[in-house]
Structure formats: C-alpha cells, structure tokens
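Read the structure below first, then the notes.
The sequence lines fix the lettering, A, B, ..., with proteins before strands; numbering per chain opens at 1.
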Amino acid sequence: METTPPEKSSSSSPDNQNVVSSEPESSNTLIENEDRKHPDVEGEIKEVHVEHEESSSAAPGGDAGEEDSNLDSVSDEIDRFLSLLSSMKDKSTPPDIPDYVDVFCKLVEMQIFTYDSGDASARFGCNPDEDSRFLESVNRISKLTNEITQFRSANTYYMVSLNRTSSVLQLAMTFLEDEFRALLEVSNSEGLKNEDSNARALKAKQPSFNFNSNSNSNQESSNGLPKTESDNPEENSSPYSPEVVARLNKIAIAMISGGFEAECCHVYIMIRHHTMREAMSRMGFEKMSLDDVHKMNWDYLEQEINRWCNIVKETLTLVFSTERNLIEAVFSEYPSIYQTHFKDLARNVIIKLLNFAEGVSMTKQALEKLFRVLDMFETLRDLNLKINEASYSDEEWENELKSEICTPASRLGEMAYCIFCDLEGSIKRDTGKTPVPFGGHHPMIRWIINYLRVLSDYKDSMEELFELHQKSNEQHDETAESDDPLNDSKTLHPSNNNNKNHRNNHNQKTKKMSGFRAQWMLIMDCVDKVAEAKSKLYKDPSLRYIFLMNNGRYMLQKIKESSEMQELVGDAWMKKWSSDLRTFHKNYQRETWGRLLQCLNQEGLQVNGKVYKPALKERFKNFNAMFDEIHKTQGQWVVTDSQLQSELRVSISAVIIPAYRSFLARFSQYLDPGRQTEKYIKLQPEDIENAIEELFEGSGHLSMARKKT
Amino acid sequence: MPATEGSFIGRSILSIRRNRVNSIDGSPEQELEDLELFQKHVSDRFTDLLHCQLPQPPASPVGDSSSASPGDGTAAISAVDNILSIAWLRKLLDSFLCCEAEFKAVLVIGRDPSQFTKPPLDRLVPELHDRTVKALDVCNAISHGLESIRHWQKLAEIAFLALQQSPFSDGQVRRARKALNVLITSMALDEKESYSNKTTERNWSFGRRGGAAAAHREQNIGYFRSLSWGVSKTWSASKQIQAMATNLCAPRGNEANAAAQAVYIMGVVLAFVMWALVATIPCQERMGLASHLPIPRNVGWAQSMFGLQEKIAEEWKRKEKKGSAGLLEELQKIDKLGQSLFELANSYSYPPEEQKVEEIIALVGEVADTCRKMEEGLIPLQRQVREVFHRIVRSRTEVLEIIDQVGKLSSPMN
C-alpha cells in the first residue's frame, strides 16, 4: 500500500504556511504582527473550508448519515493503526501511513465546521451523541498525534502527517477552548443574577451603638445587636445548570487528556476569578487602600465594617461551597488540578478580604469601636475554622492562610481587650458635676449599662480574648528570657499551640472567675461608685435616694433582661443590688414621709388629757403645707420605671393614708364644723390618695421646658 | 542564601544587644555607637546589592545573535549585573528585613519609653508610621503584580512546552503562537494604563469566531485585570511613593540625635525599597516614577542606595517611554523573547530552514530558562512581600504599644 503522497497533504497546511511566510518579513512591531494575525486565521479556516468542500464533492453522496458511518469505520481503522504503532518497539522503521488518517482529519475538521456553521441547531451541545462522538474523535486525534510524533524523525511522510494531525488537534482544542469559555461566560450572567439578589439582601444595615446618643428607650432596645447568620437556602446552588456542568466536564477531560491542561485551566481561572471579583463588588466590596482605611472617620468606617462582615460570610459561602463544588465537578477526574486551583482561588480571595481587617486593626482604639472590632474578630475566627474544611489536607496551605487570618484577628482581639479594659479608666476619668434634673437616669450610667448589655452578647469571644491575652503575656515572659528580642509573641500561631490551649482551658476552668468576668465586675463596681458619686450632687436627700433607686432599678432591669448579663454578674450581686435598692426605698420613706408623719403624731396635742386646739390647728396647717410642698416638688421628679413608680406610691399610701385617716377620725371632731373644718381639713384621705398618684410623673420636665422657652 | 541572611540578622542584633547590656541606660555615646553600627550595616547591605554579581545564565551563541535584533533590552540589563532580577529583589527584601529589625532594636531596646512622647520622636515616629501604612499599600499592589507575572509565566510555559522538541509540527507551532499572542497582548495591556482603542485592536481569542473575537477582547481585558485586582481604581503607585518621600529630610539642629537619625535612615530605606519594587513589578499608575526619591547623595550610608537609585531610574526612563510592564529582568526577557519567538513562529513553515529551527530552539531554551527562574523565584518572592507586610505592621504595633503605655503611665489614674 502506498503512503499518501506528500503533494496531496501539502495542499492543506504546508501550503497555508507558505502563504503566511510569503508575507513581508519586515513586520517587526507587534501591531503589524497582530494585524496580520487575524487574516491569517481567517485564511486558515477558509482554506480548510475549501478543502472540505473539495473532499465532500469528491466523495459522492456526502450526506450526514453516510458521514457518520464513514466516521465509525474510519475510527475503527484509526484505532487499529494506533495499536499497531504503539506495539512497534523500533521507532526508526515505522509502517506506512494509511490514507484514512487524512480522511479522519478531514472528518474531524468537517465536524468543527458544522458546529461553527452558524446554524443554531448544529451547535456544540445540541446533540449529545454527536458531541460524544466528536470528543472521542478529538481523543483519537490526540493519540494519533502523540504516536506519530514518536516516529516523526523516521521519514518525511510522518512529519507531513504529523503536521496534519497536530494542526487538526490544535484546531479542535481551540474550538473546545472557545466552547468552554462560552459556556463559562454565558451561564455566568445567569448565575450572577442569583448572586445579585444575595447581595441585595446584604444591604440591610446593622444597627450601631452610638457613643454620644442620649438614647431613648427605643434606640436602646435596638442596640442588642442581632448577630444574623445569613443562611442562604441556595447555599449549594451552582451558577451553571447540571447539563452545562456536565458539558464543561467533558470538554475539560478532552482538553486535559489531549495535553491542553494549561489552556483549559487558564480559561477557567480567568473567568472564575473575574466572576468572583464581580460578585464581590456587587456585594459592595470596595478595594480600599490601607491609607484610606487609616484616615476614614468612624461613622463611615463602622458602616464599612458591617458591610465587610457580611461580605466575608457571603463570600465564604460562594467560595467554599459554590466555587468548590463547581471546580470539583468540572475537573472531577483530576483531583490534583481542582485542588491546586481551588486553593489558589480561595487564597487569593481571602487575602484580599483580610486586607481590610489589617487596616482596621491598625486604627486607633476607641470605646465605640469595641463591638465592630469584636464582629470582625468573630468573623475571622469563623473564617479560620472554615480553612480546615477546604484545605484538602494541605498543611502548608492551611498554615499559611491560618497565620494570615490570625495576624489581623489577634490584633483585633488585642484591640478589643484593650478597649474593654480601658472602659474602667474612662468611667473613672469622667468628672461631670451637673446632676441630672429631677433624679432621672444618668446618661453615663445608662450608656455604660447598655454598653455592657451589648457586650454580654459577645461574652464567649471576650472570655476567649482574656484567655489569649493572658497566654500571650505568659509567652511574652518566656520570650523575654530567651535570646531573641524580636521573637513575635503576639500572634496566635495556629499550628503549634494546641497543647497550650488545652492547658490554658484547664487552668481557666479550675479558676473561679474568668479574667473577663473579673474585669466585668470591676466595671460593675465602678458603676456603683459612679451612681453614689453622682447622687451626692443632689442636696435633697430624698431626691438622692430617688436618683439611686431610678438608676439602680434601671441597671437591675437591664441585667434581668439578659441571661448572659445575669450570669456574668452572678446571683450574689443581684441579691446585694436588690437589697441596696430596698434600703434606698426605706431611706427615702424616712426622709420624706417620716417627717410628714411627725405632723400626725398624737403626742403633744393633749394638755392635761384635753386636746389643745391651737396645737391641733398648727398640726393641720403644717401637714397641709408640707404635703403640698411634697406634692409639688416630687410631682416633678421622674421615676420612669412604672413598676418602681407604683411600688413607691403604694408604699407611700400604705404609710400615709391609714395614719391620716386615724388622725382625722380622732381629731376632726375638735374643730368646729363649717368654716374652721374647711380651713384646716383641706385634704380628705381620697385627695391624698389622688395626690400620691400624681407623684413622680416627671411634670417637672414640662415646667422646666416651659421656663426655658 | 536564606541561612546566611538569617545569621546575619542574628549577629547584628546581638551585637547591638550586647552593647546595650554593657551600658544599661542608653547613654548618648552608646546611642551614637549603635547608630554608627546601624549606618554601617545599611551601607554594607546596599553596597552588596549594588555590586550584585549573581551567576549569569549560560549565554547561548544563537541567543546572542537574536539579541542583536532592534529594540533589544537584554543587553542593557546585563550591563547592571542582574540588578532587578527576581533573585536580586529577594536579596533586596532580605536586606530590608535586616535593616528593619536592626532599626527597631536601635529605636526600642534600652530607650526610655518616655522619649517617644517628647520631641523630636513624638513627631518623627508618627511620620514614619504614616509612611509605613503607605508602604503596606505598595506591598499589596506588588503582590497583585506578582500574580499577573505568574499568569504570564504560565502562558510562556505553554509556548516553550509546545516547542520543546524539534522538528516542530504545525500544530505545536500554532499552539505556541496562540499562547504567545495572549502573552504579548496582555503584557502590552498592562504597560499602557490608558490605552486607546487603536493599540488594543488585536484579536485575543484566536477563535474561529473571527468577528466575535473583537467582542471578546473587552471581556478578556476584564478577565486579565481581575487576576491582579486588589487596589482601587484611583490608587496610584507613583503618588504613593511621592507621599512616602514628602517630608523625608535629615534631622537638623538639636533634633539631630541618634534616634532621629535612625528614624530618618529607616524612612529612606523604606521609601527606596518600595520605589524599587514599584519600578520592577507591574503596578497601577507609575507616571514619573524616576524623579521622586530624596536619597542623600553625599552621606556614607546612603551612597550605594543612591547609586542603585540612579541605575534603576535611568533604566526606568529608558523603558518608560516604550511602556513597560516593569523592569523585572525576567519580565523584560519574557517580553522580548516572547515577541521574537512569536515572530519566528509566525514565519515558520515546513520544511523549515535549518537556521530558523536553531533560532527557535535557542529562544525556547531561554524562555524555558526564564520560566524556570520564575517558577523558582516568584512564589518565594511573593511570600517575602507578605513577610515584609507583616513585619511592618508588627513593628508599628509594637512601637505604638510602647507609646501607649507611656501615655497610660503619665495620665493620672484615680
């Protein structure tokens, strides 16, 4: 059997190449090259087209059915030839190359042109059977190219054939690469719509804790930060339909097994990185320089932090489930490929996210930053936990990322620790000397207690931070003795402190009070002292006790609302605090109402067993005046807690009404009915009861306001 | 190399420590002695960098003949002894880390912390910290630039793997040509920050969809940029360097004590190293980079640094006009070799002339060699840039902690 004469084969690619090389060689610049490049490819395609027409006209009845059967039989021949070639030990004396190699090449080319003809129904993906046959053919042509390559030095026919098969292989691979790219791109935009809605859901802003606000109760209640987990029901949703993923997978297998792994992965990575970037910028991820973060004012930065925390959570879902599932599905046959590229993608995204955390961790610490800093710390801690799941047991990768995460996390943690410890100092530094009018809630006490209330939600993190701080101090002591003064003691080394961690936990548990709780109690003491100091600003002892009751009650209520706070302050404190409040109450009763009761004392009214009328008149006059005064003054005072208000009223009524009633019963008869009675007995027990109901209404606020305007 | 560098740090720190131990309270004499030592080490390290004699790659005769082609850049680079190669950059960063460690020792160890809250340190240290924040942004931009380089490396690898063995088949030549086209185009994209349509009217995708290729182009640019995204659009490497260099002047008069001198020296080292990185690695917006650095000309410790700056700036000026992805030796080589190889591949036909095959083999050998250097060097360099980043942050935090404690001690607590 004669080998294909080179003249026939050379009518395809070598000729084509000659056309190319006949173009002016002087074109040195890139642009000229590029301009030339395009027609070149077009030329290539046209050329093969022409040839395809020739061959189909040469083969009579070139309809599709015949081509199919043709392809099958040629494929069988090719397979036989392939096994013949691979069985050859001596690569220097190859068998002749059969004609059907060229026929096969033409058939593959024809298929590509059919796919590319612009006929929508003929495109790749429309006919799965045909696609499979095509991918098989590509596989065959790749094997054929590889086998022929081994013999290429043996004779020129082989080289000519190699030129032919390798060109078709290159054409097929370029086709597949474009197809792969188009699939990734087209479905991309559909996937993005999903991501869009997720991003929108993220826009809901977390409430902020405003240091300066004299917050009303509405605001306060919203300060209990909702720590929302954005549970995405579509967590595992792929941006591509299962059919598309299956097609991507098939193309990936064809390209990689054909030796085109680099091209395949390059396209994949380019597009998925790009998608990731787009998704993140839709979530509102701004690429801020550290310089910007450093200079940003707090209000703005706070919003950015809220947004960042959400973006991290959302991105993690995207990366660790969506992207990971996708890459594992597309490259399912090649674990080392998907592992490498997934780890690259994840690392890339995480490092980018961390940059903002680095920036925030370098800003100055301030009381109002505590909760946002803790949010970030917790976000990073969660991220750190995720790393294990995604590392494919690559310890080096895992450790690198963990240390990247832990570096800003430990600084943020240290920052939170310092801010909280500084709270005590800030409270002590307050030197305000203006009493709150009418014994109401002191803004600072209210601020502190609300601050603590929010902080109690972060109890676990704070406990952890106190432990870490203690541990790092211990390490610091150790390293201080060691030789290297620059040894880093502040970062959490993720890999090597498991043992220490364990030991420390043990220590913590055996201790009675955690560092955090101890510090917390110091602050409670501080608040206690603040309340006492502020109460001394009032001259009226009754008002002093009302102030103490008001604020004490406020704290107690706030603490009771939160189980974390109750746990932190402990039963003993609660008991002591409640009993203090009772004492304040008693003292108040004595200060205000004890004096009034003096007027109703029977002693001194009788002289020689007879009621002494002028004294009685004096008593009634005093009582009326004193009660009026109390009613007027204490009606202005504020007791916002309605329970405390009614407790006070009830206890007052319980003391005053019966005493007054019995006083009236005993002594009203001694006054002349009519004018005298009217003059001295101005108040009936019911009037007193009503008047007591008007106490602590805070009417003073209104009258004060009126005076001011 | 890392081992020797490490012991070098150890030794210099220890010598400073030992001196400090001898006189526990840092007397002025002691401080001056430490400063002199610091200056000497800075000078030594940069002198090493200036006279960097890294082993030259074996020059192949055919490679030399190809380097005679017009617009060649390799000759100029070999004239400065492989300064600006990946290996040199790693040495530069090693030197930076050493200087930094030593600086911190000079600044912190044995110093009465209250000095930080008094002139001149109360002004100079915050100024240095401002500079360091800017340096961190540069480090980030460099990390992203290195990411781009790695992708170019991958494209170059496709080309040399395709052309590894001769005789070359048509398919292999086409494959190489395709990868090289993407490589050259994307490098050119990065070179021109503001590119007009005309210069980018190139087909990226070699796809059979001739017409669609142009539509793909925009998308492709986006993809490629996504690989190295990270800084905001308005960020400018050049402005950042400029900002680092403002107010960077030697302390004078009664401010010129040892600590102030050390802060100044560190500021210059920091600015220089960041400047060199920006010139070398692809970075956003680098207009007028050649002129920004106030390195003192006639001071002993700065002489070598000044020499390096002159060499690099000269190189930059030469390349800036043409537009350059960066002065990194390997990058320049890949660019140059990629273009030559692309031209050769374009005019390749079977049966080839003997000479052409040899030229290709030689070029492919050089590409392979460069890719190998990138493969070996880029990831360690990337890690080192991160290390510099973390070191800067950590040092900053440590100094701030000291200052913080002084603040707490001095403010009365009730």
To the closest 0.5 Å, what do you measure between [atom1] ([X]) and [atom2] ([Y])?
X      : Y      : atom1 : atom2 : result
B:D404 : A:Q365 : CG    : CD    : 5.5 Å
B:R150 : A:D344 : CZ    : CG    : 5.5 Å
B:S169 : A:L162 : OG    : CG    : 4.5 Å
A:Q170 : B:D170 : CD    : CG    : 10.5 Å
B:L400 : A:K364 : CG    : NZ    : 8.5 Å

Self-check item: Identified salt bridge (charged side-chain N to carboxylate O under 4.0 Å, His left out) partner of A:E263 from the options B:K178, B:K154, B:R175
Solution: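 Of the listed options, the one satisfying the test is B:R175.
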- Any donor-acceptor pair under 3.5 Å linking the side chain of B:D137 with the backbone of A:D291?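 Judged by distance alone, yes, a pair lies under 3.5 Å.
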Check your understanding: With respect to chain A, which residue among B:E157, B:H129, B:K134, B:R383 yields the maximal number of heavy-atom pairs within a distance under 4.5 Å?
Key ->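 The answer is B:K134.
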Item checked: Derivation of the side-chain contact (heavy atoms from CB on, under 4.5 Å) call for B:T397 and A:R411 -> CA-CA 9 Å; B:T397 315; A:R411 261 202 314 277; 3.4 Å; yes
Exercise for the section: With sequence neighbours excluded, tell me which residues meet side-chain contact (heavy atoms from CB on, under 4.5 Å) with A:E400. Expected result: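 Partners of A:E400 by the side-chain contact (heavy atoms from CB on, under 4.5 Å) criterion, ordered by chain and then number, come out as A:R347, A:E404.
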- request: Heavy-atom pairs under 4.5 Å with chain B are the metric here; pick the option from A:L290, A:T156, A:T149, A:D422 that has the most.
  value: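 When all of A:L290, A:T156, A:T149, A:D422 are compared, A:L290 has the most.
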Out of A:T165, A:I351, A:V168, which one racks up the most heavy-atom pairs below 4.5 Å with chain B?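 Ranked by heavy-atom pairs under 4.5 Å with chain B, first place is A:I351.
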Are side-chain heavy atoms of [X] and [Y] found at a separation under 4.5 Å?
X      : Y      : result
B:V393 : A:M362 : yes
A:K352 : B:N140 : no
B:Q172 : A:S166 : no
B:F389 : A:N355 : yes

